[in-house]
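First the structure, in the form of C-alpha cells, and then the observations on it.
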There are 2 protein chains.
Amino acid sequence: MKHETDPDDAEPTSGPQTAGGEAVLRGKATINDVARLAKVSKKTVSRVINESPFVKQKTRDAIKAVIAELGFTPDPQARALARRKSFLVGLVYDNPSPQYVVNIQRGILDALEGTDFQLVLHPCDRSKPDHVARIQSFIQQHKPFGLILPPSVSEDEPLALALNEADVDYVRIASVELDTPSRMIRTLDGDGGAAAGRHLADLGHRNIAHIHGPLSFRSTHERRAGFERALAEAGLVLRPDMAVEGGYTFEGGVAAAEHLLAQPHPPQAIFAGNDEMATGAYVAVRRAGFRIPEDISIVGFDDTPIAGRLWPALTTVRLPIREMGSAAATLLLQTADGMTTKKLITFSPEIIVRGSTAAPEGTEAT
Amino acid sequence: MKHETDPDDAEPTSGPQTAGGEAVLRGKATINDVARLAKVSKKTVSRVINESPFVKQKTRDAIKAVIAELGFTPDPQARALARRKSFLVGLVYDNPSPQYVVNIQRGILDALEGTDFQLVLHPCDRSKPDHVARIQSFIQQHKPFGLILPPSVSEDEPLALALNEADVDYVRIASVELDTPSRMIRTLDGDGGAAAGRHLADLGHRNIAHIHGPLSFRSTHERRAGFERALAEAGLVLRPDMAVEGGYTFEGGVAAAEHLLAQPHPPQAIFAGNDEMATGAYVAVRRAGFRIPEDISIVGFDDTPIAGRLWPALTTVRLPIREMGSAAATLLLQTADGMTTKKLITFSPEIIVRGSTAAPEGTEAT
DNA sequence: TTCGAAAATGTCACCGGTGTCAATCCTAAT
DNA sequence: ATTAGGATTGACACCGGTGACATTTTCGAA
C-alpha cells in the first residue's frame, strides 16, 4: 500500500490537510500531489513546469491552476539530481578591487531575482598552481548551471580550455576579444583610456603620467593603449619613466605615485588605471605637499563608489559594472530559455569629470 | 538481476572502464562504484562518508582507500535530496555599507573553504512588507543548511521568529543580546563608542558632535550610549543639537555634517557612527573650508578599507568584520559536527588612531 | 468511414544518496 | 560450548524530480 489508489481520488484527499478549503502552503507540496489533484501523470506536470510546448493548452491550464492552489514549487535539489545540473550560478573571481566585485555581484543578483537560480561565490587565487583544478572540482561536484568570470579570471585561457572540456556554460567579462570563443561581456577599455587621455590633454596638460595595473591583466594594456593613442592625437607621448605599475591596488598606487613624484620633472597629471590606484595617488600627492587639482590632476578608472567619496571627487572613467554583471547573468540564463541569441554585449566607458582634474596653473584649458 | 551477483565480482569489473589499472577520475565515481569495489553495501559507504562511529576500523580503512583511489566525492544534490537539507549557507543581508558586506563574505568564505558548503547570497529589503515571506520561501525551496544574519537583518525579530518555525539554523551578528535566543556573534559596540568618546575627550575636545545611524539599528544606540558614557566620564555632555542622524550612508554623512557645521557653535570634533558617514563628514568639512584635523577632528567606526584610503587617514574604531564572518560560519557548522559547544562569541572593538584626530588648535592633549 | 502521422500523455527506470529496520557478526558471560 | 546483547552491516524503499521510449489521442487526408 503506497499511496491510496482509492476510487475517490477526485477529492483533494490526502496531501497536506485541507482544513477549510483555502490553499495550503505548509509542508511543501510535491509534483506527485499536483499530479494526483490534476489527475495527470507527474511527467505531464513536469512538462508544464519546464514549459514544454507539447502539452495541450487545456491540460496546461488545469495543471497550472492546481500548482497555484497548492503553492507548489519544484525542488531544486531533486531537479538538479535528475538533470545532472544544479540551479547555481557561480561567480568565480580573483580581483584586487573589492568594489568591482560587489558591483558585479549586485548586477548578477539583479538579473537572478525572480528566477530559480542562486548566486554562489567562488573566489580563487590564480597564483596558486592548482586553481584550475579547484574550479574543476567545484564544477564536478556542484554542477553549476553556469559561471560568470570577471577579469582577471576571464582572461585565464587555461581555465577557459578546461571549462570547455567540462560541462558548464560560462560568460566572461573582459576588455578584449579572447582566444577561446565564448559568450562574453566586453568593455571598450581602450576607449576609456583614450577618453582619459583626451580629457587631460584638452585641459592643457603636457607632462602626463600613467599608473597602470598588472601586466597580466588585459585591461592594463587596453587602457594604456587607448590612453597613449589619445596623447598621440594631441601630439604628446607617454615617456617611459612616466609609466609605472601599481598592481591595481591602493598600496601600489601610493608607491607608484611616490615614484613619479620623485622624478626630476614630476607630472602635472596622472591617469591611474583604476580608482584604487588613483586613491593611492591622492595620498602620495598630498603627502608630498601638492594640491589636487591645482598642482596635479588625477584621473581614475571604474567609477567605483570611492571615486565620489574622495575630496575632491575623482574624475574617472565610468564602467557600468553593475549593469555588466546583470547582462552577464542574463546572457547566461538565455540558454535556459533555449534561445541562445546574443553572444556578445559591449559596454562603452564614459568619462565622468569631477573635481580632481583642472587645467594646469597659469594655463587655460583648450 | 540488479547488480551482478556473479562469483568473480572481486575484480573491478564494471564501473568506469579501468583501462590499464590506474584509478579513474573521469565521469565522477558514485557511491555505488565505491561500494562495489570495497565489497560492502552502499549504506556502509554512506556511513563512512558521514563519519558514523558504527563502522569497524578495518572496514572504514578499506572503504577510505577505495574512495581515495576513485577520487570519489559525494554528490551534494543527491545528499540534499535525501536529507532534505542542502549544503548551502545563506548570507541574508540588508546593509547600507557594501564594505561591511564584502568583509563578512570574505570571513564566511574563509571558514567555508575546504568544507562541502557553499555560500549563496541572499540580499533582502527590510522595508518591503513581504521580506520575511521571501526569505521563508527561499528556505523552503533551497533548504539551506543555515543562515548568517549580519545587522540589521540580525535585529529583525519577526524574521527570527519565522526562522525558528522554519527548519533552519542561523547565526546572528549583532551588537546586543537579542530577544529571541540563538547562536550569535556579538560585538561590544558600546565599548567602541566609549573608546571614541574617550579618545576625543582626552585630546582636549569639549564641543563634540555625533552623527549616528538609523534608529532602527541596535548598533546606533549602542555606539551612541557608549560614546555618551565616555563623555560623561570626562565631564562632558552630548548636546541634543550636536547629535544628528546620517543613515549609515555617505550622503547621509555629508548632510548631517553640513547641518552640524551650520550651527552657531560648530563642533570641534565629530564622531560618526560608521566610516561611510565619516567619509561624508570629510567632504562636508572640506566644502565648508575647514581642515582635518586642525580645525575639526573626525572619528569613524568599523575600519572598513576606505578608512585607510582617505587623507588624512581616518581614526576609527575597528571591528574585526572578516573574523566575525568567519566565526559566524564556524559557529554555524558546529552543528554539522554534532557538537554544539559555544553559542556566543564576543568581539571587542579597538580604536585605531590615525591622522584625522588631533588636539584642538592652541591646546595640548591630556 | 478509415488510416496514418503528429500531438499528447503515460510508464518506468534512474539520478546518487539517506533513513528505517532487519540480519549477521562478535565478544564476554554463563 | 552456549548464548545474550551490543556492534556491524545490509536490504530496500524513498527523496522529488527527469529522460527515454511506449502508448493513446486527435485530426486531416484518402
Side-chain angles (χ1 to χ4, degrees), chain A residues 1-3 5 15-16 27-63 67 70 72-87 116 140-143 145 167 336, chain B residues 1-3 5 9 15-16 27-63 67 70-87 116 140-143 145 167 336:
Chain A
M1 47 152 261
K2 337 200 80 177
H3 284 157
T5 324
K28 205 80 189 65
T30 76
I31 198 175
N32 293 304
D33 300 325
V34 176
R36 184 161 5 89
L37 289 186
K39 287 185 267 186
V40 295
S41 73
K42 55 195 282 200
K43 181 67 228 200
T44 300
V45 177
S46 169
R47 290 199 180 90
V48 171
I49 297 172
N50 295 290
E51 319 252 281
S52 158
F54 304 115
V55 179
K56 207 193 300 173
Q57 189 58 46
K58 198 175 158 192
T59 313
R60 183 193 309 281
D61 293 342
I63 293 176
I67 287 179
L70 255 40
F72 164 77
T73 42
D75 182 308
Q77 271 76 39
R79 298 224 272 174
L81 178 58
R83 297 183 172 184
R84 283 173 266 305
K85 210 90 192 101
S86 77
F87 285 82
D116 293 331
Q140 189 149 83
Q141 270 197 56
H142 293 274
K143 310 181 196 61
F145 176 80
D167 179 32
Chain B
M1 48 149 257
K2 337 203 77 175
H3 284 159
T5 325
D9 57 355
K28 205 81 188 65
T30 76
I31 197 174
N32 293 305
D33 300 325
V34 176
R36 185 161 2 89
L37 289 187
K39 285 185 271 187
V40 295
S41 72
K42 56 196 281 199
K43 180 69 227 196
T44 300
V45 176
S46 169
R47 289 196 180 91
V48 171
I49 297 171
N50 294 290
E51 320 251 284
S52 157
F54 304 115
V55 179
K56 206 193 299 174
Q57 189 59 46
K58 198 175 158 194
T59 312
R60 180 191 312 280
D61 293 342
I63 293 177
I67 288 179
L70 256 39
F72 164 78
T73 42
D75 181 307
Q77 270 76 39
R79 297 224 273 177
L81 178 58
R83 295 183 174 182
R84 283 175 268 306
K85 210 94 194 97
S86 77
F87 285 82
D116 292 332
Q140 190 151 84
Q141 271 197 55
H142 294 273
K143 310 181 195 66
F145 176 80
D167 179 34

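All values below come from the heavy atoms of this structure, side chains included, with hydrogens, waters and symmetry mates left out. Just so we're on the same page: letters track the sequence lines, and every chain starts at 1.
As judged by a 4.0 angstrom heavy-atom cut-off over every strand, A:K56 is placed among residues touching the sugar-phosphate backbone only. Among the atoms of the strands shown, none is found under 4.0 Å from any heavy atom of A:V45. Across all strands, A:S52 comes closer than 4.0 Å to no nucleic acid atom at all (heavy-atom distances).
Taking the side chain of B:T44 as heavy atoms from C-beta on, and the options D:dG10, C:dG17, D:dG16, the nearest nucleotide is D:dG10. The side chain of B:R84 has D:dC15 as its nearest neighbour among C:dG10, D:dC15, C:dT18. Nearest nucleotide to the B:R47 side chain, out of C:dT11, C:dG16, C:dC21: C:dC21. Set against D:dG10, D:dG19, C:dG17, the side chain of B:A78 has C:dG17 as its closest nucleotide. For A:K42, taking side-chain heavy atoms from C-beta onward, the closest of the listed nucleotides C:dG17, D:dT18, D:dT9 is D:dT18.
The separation between B:K85 atom NZ and C:dG19 atom C1' is 16 Å, rounded to whole Å. Nucleotide C:dG17 holds its C1' atom 11 Å from the CD atom of B:Q77, rounded to whole Å. Straight-line distance from the CZ atom of B:R83 to the P atom of C:dG16: 17 Å, rounded to whole Å. When rounded to the nearest whole Å, the span between CG of A:D75 and C1' of C:dC15 equals 13 Å. We find that CD of A:Q57 is positioned 16 Å from P of D:dT26, with the value rounded to whole Å. The distance from atom CG of B:L81 to atom C1' of C:dC15 is 9 Å, rounded to the nearest whole Å. The nearest whole Å value for the distance from the CG atom in B:D116 to the P atom in C:dG16 is 17 Å.
At distances below 3.5 Å, not a single donor-acceptor pair connects side-chain atoms of B:K28 with backbone N or O atoms of A:Q141.
Salt-bridge formation is detected for the pair A:D116/A:R79: a Lys NZ or Arg NE/NH1/NH2 atom is positioned less than 4.0 Å from an Asp or Glu carboxylate oxygen. A salt bridge links A:K143 and B:D75; the closest N-O separation between the charged side-chain nitrogens and carboxylate oxygens is under 4.0 Å. Between A:D61 and A:K58, no side-chain nitrogen of the basic residue sits less than 4.0 Å from a carboxylate oxygen of the acidic one, so the salt-bridge criterion is not met.
Summary of the strand contacts: A:K43 and A:F54 both lie near DNA chain C, and taking for each the nucleotide with the nearest heavy atom, the more 5' one is attributed to A:F54. Map B:R60 and A:T30 each onto its nearest nucleotide of DNA chain D; the residue landing nearer the 5' end is B:R60. Take the nearest nucleotide of DNA chain C for B:T73 and for A:V55: the residue whose nucleotide is more 5' is A:V55.
Listed pair B:T59 / D:dT9 meets the phosphate criterion, a side-chain N or O lying under 4.0 Å from OP1 or OP2. Note on A:R79: a side-chain N or O is less than 4.0 Å away from OP1 or OP2 of D:dT18. Residue B:S46 has no polar side-chain atom (N or O) positioned under 4.0 Å from OP1 or OP2 of C:dG17. For C:dT18, one of the phosphate oxygens OP1 or OP2 lies less than 4.0 angstrom from a side-chain nitrogen or oxygen of B:N50. For B:S41, a side-chain nitrogen or oxygen approaches OP1 or OP2 of D:dG10 to under 4.0 Å.
By the 4.5 Å heavy-atom criterion applied to side chains, B:T59 and B:R47 are not counted as neighbours.
Note that CZ of A:R60 is 10.5 Å distant from CD1 of A:I67, once rounded to the nearest 0.5 Å.
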